[in-house]
Amino acid sequence: MHKGCILLNGDYTVLGLIDWKKAMGLLVAEKIKVLKYSKRKIRSVGRTFLMPAVAVLVKVVRIVYRHHVPFSRRNVLIRDQFTCVYCGSREPPITVDHVFPRSLGGKSNFDNCVACCRACNTKKGAHLPREAGMALRHQPWQPTISEFMRIRLRQSGVLGLLAELGLSADSR
């Protein structure tokens, strides 16, 4: 399960995950209301507190949305759920492979990079997948911010918790 707190905006849209220290600071400052507590306990010198699992801001904060998810190795691995797109392995280490190799002019972007196990990456080398006798399980794609947030929430284990609270239609 997750180690932080799901933070919702004042209009109950998901802002993201925050660590327990930040959540407790916001709670003490009366900037959030707790919707659900976790079973984890936080002990201080004289008291024991339950850690917030889901909290909502008292006020709505205006968010400046980015236009796209920034490309990075980590974001490619998150998008592909740390699973090799050639063989389906989740065995570490998972690397990033350029479908159209850089040596042939391939770009480093979401549309050309995929998660790949080391064995498949070595087998493919600087060739196209068909030249190496390999097939992609899915094509690489540029995720939208909402798709990426849903993937991250699912991987962190909080999507089910949101569904339990009636705040998400997707609990898969």
Do Y86 and L77 belong to the same hydrophobic cluster, where Ile, Leu, Val, Met, Phe, Trp and Tyr are linked whenever their side-chain heavy atoms lie under 4.5 Å apart, directly or via other members?
-> no

How far apart are the closest heavy atoms of N112 and F100, and which atoms are they?
-> OD1-N, 2.8 Å

Say you draw a straight line from SG of C5 to CE of M24; how long is it, rounded to the nearest 0.5 Å?
-> 10.0 Å

Scanning both residues in full, the closest heavy-atom pair of I94 with R73 reads O-NH2, 3.1 Å

Interatomic spacing from CG in L15 to CG in L8 - rounded to 0.5 Å = 7.0 Å

Scan the side chains in residues 116-134 for donor-acceptor partners under 3.5 Å anywhere in the protein, sequence neighbours excluded, and list what turns up.
residue : atom : partner : partner atom : Å
N121    : ND2  : T95     : OG1          : 2.9
T122    : OG1  : R118    : O            : 2.9
K124    : NZ   : D97     : OD2          : 3.4
K124    : NZ   : H98     : O            : 2.9
K124    : NZ   : V99     : O            : 3.4
K124    : NZ   : H127    : O            : 2.9
E131    : OE1  : L128    : N            : 3.2

Closest non-hydrogen atom pair between N9 and V60, with its separation | OD1-CA, 3.3 Å

Once you round to the nearest 0.5 Å, how far does CZ of F82 lie from CZ of R74?
-> 4.0 Å

Indicate if I78 and F71 have the same hydrophobic cluster label, given that clusters are the connected sets of ILVMFWY residues with side-chain heavy-atom separations under 4.5 angstrom.
-> yes

Taking all non-hydrogen atoms of both residues into account, name the closest pair between V114 and D80 and its distance.
-> CA-OD2, 3.4 Å

Correct closest heavy-atom pair for V58 and E30 would be CG2-O, 3.6 Å

Shortest non-hydrogen contact between K39 and L50, atoms and distance = O-CD2, 4.2 Å

Beyond-backbone contact of E147 with W141, side-chain heavy atoms, under 4.5 angstrom = yes

What about I145 and I151, same hydrophobic cluster or not, with Ile/Leu/Val/Met/Phe/Trp/Tyr joined at side-chain heavy-atom distances under 4.5 Å?
-> yes

Distance col, row K31:NZ vs K22:NZ, nearest 0.5 angstrom, shows 7.5 Å

Decide yes or no for F110 and V69: does some side-chain heavy atom of the first lie under 4.5 Å from some side-chain heavy atom of the second?
-> yes

Does I32 belong to the same Ile/Leu/Val/Met/Phe/Trp/Tyr cluster as V61, with side-chain heavy atoms less than 4.5 Å apart forming each link?
-> yes

